[in-house]
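Worksheet: the structure to be examined is printed underneath.
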Amino acid sequence: MATIARACLQNRLAAVAVVISDRPGVAGITTAQDLGIETHVVSWKSAADRAAFELTLGQCIDAYTPDLVVLAGFMRVLSGPFVERYAGRMLNIHPSLLPKYTGLHTHRRVLEAGDTAHGATVHFVTPELDGGPLILQARVPVNAGDTEATLSARVQATEHVIYPRVIDWIAEGRLEWNGGHPLLDGKALHEPVVEYFGASYQ
Ligand code: NHR
């Protein structure tokens, strides 16, 4: 989130209208405030249930009439009806080579499986968790001796490159949702664009 916010403040076509957290007291809120960005906390814990949480969250988002909603470290599963309202206008980045390893603890699972490659994937958010159309994927090697910490640091460094890039694509009008069949530069995006990153991240 902070990387996207800083990139947008520098030289990007997009501007961050608001940063919203489902938890009070998190570093992301302080960072956004320091950058002069409006912030809100829509507390998950204080909400009566998921419907109440999503009602408040939706009102908070819609007050800014954003062109795009970007999940960055957002860890609450969102309901189908909520997600559908933002169809084609909501992105997530997930720390795996989707469709492999949806859900949680991806780095641990990659190590346990003995995979030699790992990465991160930017995708459109649909009701199916981590299941929406894939846009851009960063691939990194898994090195001998890697731990969850070294692997997640290597993946996160690539997230900071690929997530702002996809936001640029949307701001430039290069990436279109096209009713669930995304187009990049007018061509169907049947599989994600893949970018390979070397072993230099540690
Ligand atoms: N909602 C929908 N409908 N579709 C997606 O693709 C979503 C989503 C909400 C969040 C992010 C995703 C990720 O990047 C995301 C994608 C949290 C969980 C999860 O199981 C799963 C996927 C993602 C984020 N959350 C637990 C839950 O019960 C809570 C975990 C916790 O609080 O630590 O909500 O990985």
Side-chain angles (χ1 to χ4, degrees), residues 1-5 18-29 40-62 66 68-113 115 118-140 148-149 151-167 170 175 177 179-182 189 191-192:
M1 183 282 293
T3 300
I4 291 166
V18 62
V19 168
I20 305 170
S21 170
D22 65 319
R23 276 194 292 175
V26 295
I29 290 290
H40 289 279
V41 173
V42 176
S43 170
W44 166 268
K45 272 203 180 138
S46 332
D49 52 24
R50 185 165 73 169
F53 169 73
E54 290 188 347
L55 184 66
T56 313
L57 180 61
Q59 286 168 343
C60 189
I61 293 171
D62 294 345
L68 191 63
V69 178
V70 177
L71 306 186
F74 187 76
M75 293 307 292
R76 300 288 170 197
V77 176
L78 295 163
S79 73
F82 184 88
V83 165
E84 295 284 5
R85 283 168 53 202
Y86 303 98
R89 298 190 292 133
M90 188 183 283
L91 299 178
N92 180 44
I93 190 160
H94 180 75
S96 81
L97 297 175
L98 289 174
K100 293 183 85 173
Y101 305 114
T102 61
L104 305 176
H105 311 301
T106 58
H107 310 301
R108 186 189 311 167
R109 289 155 66 200
V110 161
L111 289 171
E112 282 169 0
D115 292 1
H118 187 31
T121 309
V122 180
H123 65 92
F124 284 108
V125 174
T126 64
E128 191 192 342
L129 203 59
D130 300 324
L134 310 182
I135 303 165
L136 178 59
Q137 194 162 72
R139 294 200 185 190
V140 302
E148 278 185 71
L151 200 48
S152 77
R154 191 175 306 124
V155 169
Q156 203 175 69
T158 71
E159 294 182 7
H160 293 170
V161 176
I162 65 172
Y163 215 173
R165 181 166 306 158
V166 171
I167 293 166
I170 289 178
L175 176 62
W177 169 244
H181 304 281
L189 199 57
E191 16 185 75

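Counting starts at 1 for both ligands and their atoms, in listed order. Keep in mind that what you see is a predicted model, and the values were worked out from it rather than measured. Residues take their numbers from the sequence shown, with the count starting at 1. Heavy atoms only: backbone and side chains are in, while hydrogens, waters and symmetry mates are out.
- Here the CG atom belonging to Asp22 is positioned 12.5 Å from the OG1 atom belonging to Thr56, to the nearest 0.5 angstrom.
- Applying the 4.0 Å criterion to heavy atoms of Glu128 picks out, from ligand 1, the atoms 4 (N), 6 (O).
- Here the protein heavy atom with the shortest distance to atom 21 (C) of ligand 1 is Leu129 CD2, 3.5 Å.
- Taking OG1 from Thr126 and CE from Met90, the interatomic distance works out to 10.5 Å, rounded to the nearest 0.5 Å.
- Atom CZ of Arg23 has 12 or fewer neighbouring heavy atoms from other residues, nucleotides or ligands inside a 6.0 Å radius.
- Residue contact check for ligand 1: Pro127 places a non-hydrogen atom closer than 4.0 Å to it.
- When non-hydrogen atoms are compared, ligand 1 lies under 4.0 Å from the side chain of Val83 (C-beta onward) but not from its backbone.
- Taking distance alone, with nitrogen or oxygen atoms compared against 3.5 Å, His94 approaches ligand 1 more closely than that limit.
- The two atoms that bring Glu84 and Pro127 nearest to each other are OE2-CG, 3.3 Å, heavy atoms only.
- Near Ile93, the atoms of ligand 1 lying under 4.0 angstrom from a non-hydrogen atom of the residue are 14 (O).
- Checking only distances, Asn92 does come within under 3.5 Å of ligand 1, N or O to N or O.
- Paired with Lys100 under the rule side-chain hydrogen bond (donor to acceptor under 3.5 Å, both in side chains), one option of Asp115, Thr121, Thr106 passes, and it is Asp115.
- Proximity to His123 (heavy-atom distance under 4.0 Å) selects the following atoms of ligand 1: 6 (O).
- Per-atom contact check: atom 14 (O) of ligand 1 touches the protein, criterion being a heavy-atom distance below 4.0 Å.
- A donor-acceptor contact closer than 3.5 angstrom links the side chains of His118 and His107.
- Looking only at heavy atoms of the protein, atom 10 (C) of ligand 1 is closest to Arg76 O, 3.5 Å.
- The shortest N or O to N or O distance between Phe74 and ligand 1 is not under 3.5 Å.
- For Leu97 against Ala120, the heavy-atom pair with the smallest separation is CD2-N, 4.4 Å.
- Ranked by closest heavy atom to atom 20 (O) of ligand 1, the top entry among Leu78, Leu104, Asp22 is Leu104.
- Applying the salt bridge (charged side-chain N to carboxylate O under 4.0 Å, His left out) rule to pairs touching residues 51-62 yields Asp62-Arg85, sequence neighbours excluded.
- Residue Met75 places at least one N or O, backbone or side chain, under 3.5 Å from an N or O of ligand 1.
- Here Pro81 pairs with Ser79 under the side chain to side chain contact (heavy atoms under 4.5 Å, CB included) rule; sequence neighbours left out.
- Near Asp130, with a cut-off below 4.0 Å to any heavy atom, the atoms of ligand 1 are 5 (C), 6 (O), 12 (C), 13 (C), 14 (O), 16 (C), 22 (C), 35 (O).
- Summarising the local packing, CD of Glu191 is surrounded by 12 or fewer heavy atoms from other residues, nucleotides or ligands at distances under 6.0 Å.
- When the options Val77, Thr106, Thr126 are ranked by their closest heavy atom to atom 2 (C) of ligand 1, first place goes to Thr126.
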